[in-house]
Amino acid sequence: MTDIRSMTEDWLLNSQLAPGGDLDPLQPLYEAARRGELVLPFCSRCRLPLELEQTVCDGCGAFGREWTSVELRGVVHSWTTVHRREPGLVRAEMPYPVIDVELDSGHRLVMTTTSSSASVPPIGTSVHIAFRTLGDAHIPAVQSSED
């Protein structure tokens, strides 16, 4: 497992936007991320990868999911550059990448990079997943080439 750095200001968002809390349905994701581990939901019956908040399996129709540790690897499926300034919430001064990654587990996650980065890995590039710290939460992110 990767050790997570102590809390620091996130490069992108104001910490008041941090997710989490006892009632957050993604709490297993955040708890594991704090340990440097990525856990994602799978169908408890057929083991099909599920979307983060999905509770009913598209494959077998079962209701139930299990959060399971997955490899911190994936391939860039697509990406875009966001040109959004929202003073007080979005801290980035320059446009920033949002990357759609197909993980080795079969899940797809849309995330940004671990630190401010002008470069984006090309579609089809293998990437390593690390974590950004936002308030008390740790969030999956593509490991920047600058890190």
Query raised in the report: When rounded to the nearest 0.5 angstrom, what is the spacing between OG in S126 and CZ in R73?
Result: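 One finds 8.5 Å between OG of S126 and CZ of R73.
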Report task. Working to the nearest 0.5 Å, report the span between OG of S117 and CE of M94. Result ->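 Spacing of OG (S117) from CE (M94) equals 12.0 Å.
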Query raised in the report: Quick one: are the ring centres of Y96 and H83 less than 6.0 Å apart?
Result: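 Not under 6.0 Å, so no.
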Requested in this report: Could you walk me through whether L12 and S116 pass side chain to side chain contact (heavy atoms under 4.5 Å, CB included), step by step?
Outcome: CA-CA 7 Å; L12 179 60; S116 180; over 6 Å; no
Query raised in the report: When clusters are formed by joining ILVMFWY residues with side-chain heavy atoms under 4.5 Å apart, either directly or through shared neighbours, do L29 and V101 land in the same one?
Result: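 Yes, because L29 and V101 connect within a single hydrophobic cluster, where side-chain heavy atoms sit under 4.5 Å apart.
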Report task. Could you tell me whether a side-chain N or O of H107 sits under 3.5 Å from a main-chain N or O of L40, the two making a donor and an acceptor? Result ->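 No; judged by distance alone, with no hydrogens or angles, the pair does not exist.
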Query - Flag side-chain contact, heavy atom, 4.5 Å: P95 against V82 - result: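 No, their side chains stay 4.5 Å or more apart.
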**Report entry** Sole residue of T113, D10, T112 in side chain to side chain donor-acceptor pair (under 3.5 Å) with R132
**Finding:**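 Per the side chain to side chain donor-acceptor pair (under 3.5 Å) rule, the option paired with R132 is D10, out of T113, D10, T112.
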Report task. Kindly indicate, with the supporting measurements, whether the criterion side chain to side chain contact (heavy atoms under 4.5 Å, CB included) is fulfilled by E102 and L109. Result -> CA-CA 7 Å; E102 184 168 346; L109 290 182; over 6 Å; no
Report task. Mind listing the closest non-hydrogen atom pair of C43 and A62 along with its distance? Result ->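 Distance-wise, the nearest heavy atoms are SG-CB, 4.0 Å.
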Query raised in the report: When rounded to the nearest 0.5 angstrom, what is the spacing between CD in E31 and CH2 in W67?
Result: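 The CH2 atom of W67 is 10.5 Å from CD of E31, to the nearest 0.5 Å.
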**Report entry** Heavy-atom donor-acceptor pair, R65 side chain to L52 backbone, under 3.5 Å
**Finding:**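 Yes, because the side chain of R65 sits within donor-acceptor range (under 3.5 Å) of the backbone of L52.
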Query raised in the report: About how many Å separate CZ of F42 and SG of C57, when rounded to the nearest 0.5 Å?
Result: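 Result: 11.5 Å between the selected atoms.
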Query raised in the report: Looking only at heavy atoms, what is the nearest atom pair of L48 and G59, with distance?
Result: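 Result for this residue pair: CD2-N, 3.7 Å.
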**Report entry** Least distance between heavy atoms, I129 atom then P140 atom
**Finding:**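 Scanning both residues, the minimum pair turns out to be CG2-CB, 4.1 Å.
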Query - Over all atoms of both residues, closest heavy-atom pair of L50 and G64 - result: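 The answer is CD1-O, 4.2 Å.
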Report task. Evaluate whether atom CD of Q54 has more than 12 neighbouring non-hydrogen atoms of other residues, nucleotides or ligands under 6.0 angstrom away. Result ->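 Enclosed: over 12 neighbouring heavy atoms sit under 6.0 Å from CD of Q54.
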Report task. Step by step, work out the side chain to side chain contact (heavy atoms under 4.5 Å, CB included) result for V142 and M111. Result -> CA-CA 7 Å; V142 172; M111 59 192 102; 3.9 Å; yes
Requested in this report: Check whether the side chains of S69 and E37 place a donor and an acceptor atom closer than 3.5 Å, and report yes or no.
Outcome: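 Side-chain D/A pair, S69 to E37: present.
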Query raised in the report: For the residue pair P19 and A137, what are the closest heavy atoms and their distance?
Result: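 Between these two residues, the closest heavy atoms are O-CB, 3.6 Å.
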Query raised in the report: If you measure from OG1 on T133 to CH2 on W11, what distance do you get to the nearest 0.5 Å?
Result: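 Spacing of OG1 (T133) from CH2 (W11) equals 13.5 Å.
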Report task. Group every Ile, Leu, Val, Met, Phe, Trp and Tyr by side-chain heavy-atom contacts under 4.5 Å, then state whether V70 and I99 land in the same group. Result ->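 Yes; tracing contacts between hydrophobic side chains, which count when under 4.5 Å, links both residues.
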Query raised in the report: Roughly how far, to the nearest 0.5 Å, is CG of L17 from CZ of R91?
Result: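 The CZ atom of R91 sits 11.0 Å away from the CG atom of L17.
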Query raised in the report: Would Q16 and L89 count as a side chain to side chain contact (heavy atoms under 4.5 Å, CB included) if you check the C-alpha gap in whole Å, the side-chain angles of each, and the deciding distance to 0.1 Å?
Result: CA-CA 8 Å; Q16 74 185 29; L89 297 178; 3.1 Å; yes
Query raised in the report: Is a side-chain donor or acceptor of D104 paired with a backbone partner of E71 at a separation under 3.5 angstrom?
Result: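 Checking the backbone N and O of E71 against the side chain of D104, no donor-acceptor pair under 3.5 Å is found.
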Report task. Answer yes or no: are there more than 12 heavy-atom neighbours, outside E51 itself, under 6.0 Å from its atom CD? Result ->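 No, because the 6.0 Å sphere around CD of E51 holds 12 heavy atoms or fewer from other groups.
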Query raised in the report: Can you tell which of L38, I139, T114 makes a side-chain contact (heavy atoms from CB on, under 4.5 Å) with F131?
Result: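 One option only clears the test, and that one is L38.
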Query - Closest non-hydrogen atom pair between V127 and P121, with its separation - result: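 Shortest heavy-atom separation between V127 and P121 comes out as CG1-CG, 3.9 Å.
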